[in-house]
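First up is the structure itself, then whatever we jot down about it.
Here the structure is a predicted model, which means the values were calculated and not measured.
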Amino acid sequence: MKILFYDTKSYDRESFEKKQAEYPEIQIEYLKSELTPQTAKLAKGFDAVCAFVSSDVGTQTIKILNQYGVKLVLMRCAGFNNVDVDQAKKCGIKILRVPGYSPEAVAEHAMALALTANRRIHKGYVRVRENDFSLGGMLGFNFYQKTAGIVGTGKIGAAMARICHGFGMKVIAYDKYQNPELDFVTYVTMDELLAQSNLISLHCPLMDETYHLINRESIQKMKDGVILVNTSRGGLVKTEDLIAGIRERKFFAVGLDVYEEEKKNVFEDRSDEIMESSVTARLLSFPNVVITSHQGFFTEEALSAISETTLENAMAYLENRVTENEVT
Ligand code: NAI
């Protein structure tokens, strides 16, 4: 099987090459270009393409892939909101993905953001490098015995709930389905969660019903001095309303691994560019906001699980095996 791997970063290649020796039936060619309707034709002669969260696997791309004989799209990620699944079905192209590669990777990053933002580690790091050992503006608060509100207690939310529990926090949660494994969690309504939490961490998927879940109205329902962390998807938070809330001193701190404007930024070095209009820049101007670039998943364990499952998916296709990783 020949796979064309789009949008290759050095760490992707390293992690796939480590595993590939175990799969002699598979050959991979690595491309730096992203998968788009313009680059889809490069897949001529390949059986499959491997794509990621930022790839454009929309209608046009699928049609072109089909025209050039590609019958399999291997998504090396969990999400598939960038894939036209219906068009793929019409063309007989299978879409396989990696549903849950390492929930702890993302949950640990969520807690890292919460702690960094709370204890102003980002400021302390810079200050000490400048021989400034003062503490002004860096007063935080203990998480111990405070309330953590987890929105969405699936794989990642459950891992975050366990971490918060380990910190000695009271853990409350909102989800449409309760997770029976979390016997230390009290399920409450969304309004109760907003009103009671000192730390709110978002772990539900982005769907029509969760789009802009955090907006002016929900922010008003939050406790004053709350910490908000989003490692799920940018669209869960209405950025303009978040900025207004920060200005009104509603938030003690905010930690974001994802945000609405991230698409152009994610995994790109834009340090030489002049940002013309940017909510990212506005968010970064606040001393109590910490932003990372969609790196929640980025641990050795997660990358290793991603490459292994993607190659296993390719083998399942090759051997005509049914897999629950198929997007239908
Ligand atoms: P999951 O499917 O295991 O859990 C999602 C949970 O959200 C489920 O329990 C579901 O019932 C709940 N949910 C659905 N609608 C809801 C609503 N309206 N309100 C509250 N809860 C609702 O998914 P998992 O693996 O825990 O991932 C969660 C999210 O994390 C993903 O959707 C993805 O957007 C994000 N993610 C971020 C990464 C990063 O690098 N920052 C990496 C991987 C995932």
Side-chain angles (χ1 to χ4, degrees), residues 1-20 23 25-85 87-88 91-98 101 233-234 257-276 278 280 292-298 302-311 313-314 317-318 325 327:
M1 169 182 269
K2 283 179 73 186
I3 302 172
L4 187 59
F5 197 105
Y6 281 89
D7 192 23
T8 312
K9 302 283 189 269
S10 57
Y11 46 81
D12 291 322
R13 187 165 185 157
E14 219 170 276
S15 142
F16 272 79
E17 282 183 343
K18 253 190 224 163
K19 290 269 186 304
Q20 215 196 320
Y23 298 88
E25 306 83 346
I26 296 175
Q27 282 174 41
I28 305 181
E29 258 182 53
Y30 295 91
L31 265 190
K32 282 202 171 145
S33 312
E34 181 57 283
L35 175 59
T36 64
Q38 289 72 38
T39 60
K41 57 176 174 287
L42 300 172
K44 186 178 177 189
F46 287 83
D47 306 292
V49 295
C50 184
F52 196 50
V53 278
S54 44
S55 308
D56 173 354
V57 202
T59 320
Q60 267 307 97
T61 304
I62 296 278
K63 282 185 181 168
I64 297 166
L65 290 175
N66 184 43
Q67 199 181 321
Y68 287 105
V70 173
K71 284 289 161 228
L72 174 65
V73 175
L74 295 161
M75 298 300 293
R76 53 180 190 277
C77 55
F80 52 90
N81 49 306
N82 50 336
V83 182
D84 186 339
V85 180
Q87 186 61 45
C91 296
I93 292 180
K94 268 200 183 174
I95 312 288
L96 301 180
R97 68 181 183 122
V98 186
Y101 35 86
R233 283 291 179 268
D257 189 44
V258 291
Y259 48 94
E260 288 188 292
E261 206 189 51
E262 73 177 40
K263 196 163 170 32
K264 273 209 274 181
N265 299 349
V266 165
F267 313 142
E268 299 302 326
D269 177 359
R270 303 186 66 199
S271 52
D272 283 336
E273 287 179 43
I274 292 170
M275 302 282 181
E276 292 193 347
S278 170
T280 322
T292 52
S293 182
H294 210 131
Q295 70 178 72
F297 75 100
F298 201 48
L303 286 189
S304 164
I306 288 170
S307 50
E308 186 166 336
T309 308
T310 305
L311 291 167
N313 283 346
Y317 175 83
L318 207 55
N325 297 341
V327 179

Check your understanding: Going through the checks in order, is the side-chain contact (heavy atoms from CB on, under 4.5 Å) test met by Val327 and Val73?
Key -> CA-CA 10 Å; Val327 179; Val73 175; over 6 Å; no
Check your understanding: Quick one: does Asp12's side chain get under 4.5 Å of Asp7's, heavy atoms only?
Key -> no
**Study point:** Heavy-atom donor-acceptor pair, Glu308 side chain to Ala305 backbone, under 3.5 Å
**Key:** no
Practice item. Of all the heavy-atom pairs spanning Lys71 and Cys91, show the shortest one and how long it is. Key: NZ-O, 3.1 Å
Check your understanding: Nearest heavy-atom pair of Arg270 and Asn265: which atoms, and what distance?
Key -> NH1-OD1, 2.5 Å
Check your understanding: Within a strict 4.5 Å, meaning less than it, do heavy atoms of the Ser304 and Lys19 side chains meet?
Key -> yes
Exercise for review: State whether a side-chain donor-acceptor pair under 3.5 Å links Thr280 with Glu261.
Suggested key: yes
Review point. Does the Arg97 side chain pair with the main chain of Cys77, one donor and one acceptor, at a distance under 3.5 Å?
Key: no
Practice item. Quick one: pull up CD1 in Ile28 and CG in Leu311 and give me the separation to the nearest 0.5 Å. Key: 5.0 Å
Exercise for review: Work out which heavy atom in Asn325 is nearest to a heavy atom in Thr309; give both atom names and the distance.
Suggested key: ND2-CG2, 3.5 Å
Check your understanding: Is there a donor in the side chain of Asp47 and an acceptor in the side chain of Tyr317, or the other way round, less than 3.5 Å apart?
Key -> no
**Study point:** Heavy-atom closest contact (Asp257 atom, Gly296 atom, distance)
**Key:** OD2-N, 2.8 Å
Revision key, fill the gap. Of all heavy-atom pairs linking Ile3 and Val49, the shortest is CG2-C, 4.2 Å
**Study point:** Any side-chain heavy-atom pair of Phe46 and Gln27 under 4.5 Å
**Key:** no
Review point. Under the 3.5 angstrom rule, does the side chain of Thr61 hit a backbone N or O of Asp56 as a donor-acceptor pair?
Key: yes
Check your understanding: What distance do Phe52 atom CZ and Leu35 atom CG have between them, rounded to the nearest 0.5 Å?
Key -> 13.5 Å
Practice item. Measure the shortest side-chain to side-chain distance between Phe80 and Val57 over non-hydrogen atoms and say whether it is less than 4.5 angstrom. Key: no
Review point. Can you tell me how far OG of Ser54 sits from OH of Tyr6, rounded to the nearest 0.5 angstrom?
Key: 13.5 Å
Check your understanding: Closest approach of Thr8 and Arg13, non-hydrogen atoms and distance?
Key -> CG2-CB, 3.9 Å
Review point. More than 12 foreign heavy atoms under 6.0 Å from NZ of Lys9: is that the case here?
Key: yes
Review point. Angle class for the Phe16/Phe5 ring planes (parallel below 30°, perpendicular above 60°, tilted otherwise)?
Key: perpendicular
**Study point:** Tyr11-Phe298 aromatic ring centre distance below 6.0 Å
**Key:** yes
**Study point:** Polar side-chain atom of Asn313 near backbone of Leu96 as donor-acceptor pair, under 3.5 Å
**Key:** no
Review point. Would you say the side-chain atoms of Glu34 and Thr36 include a donor-acceptor pair closer than 3.5 Å?
Key: no
**Study point:** From Leu74 atom CG to Thr310 atom OG1, the distance as rounded to the nearest 0.5 Å
**Key:** 6.5 Å
**Study point:** Approximate separation, where rounding is to 0.5 Å, of Arg76 CZ and Tyr101 OH
**Key:** 11.5 Å
Review point. What distance do Ile93 atom CD1 and Lys63 atom NZ have between them, rounded to the nearest 0.5 Å?
Key: 11.5 Å
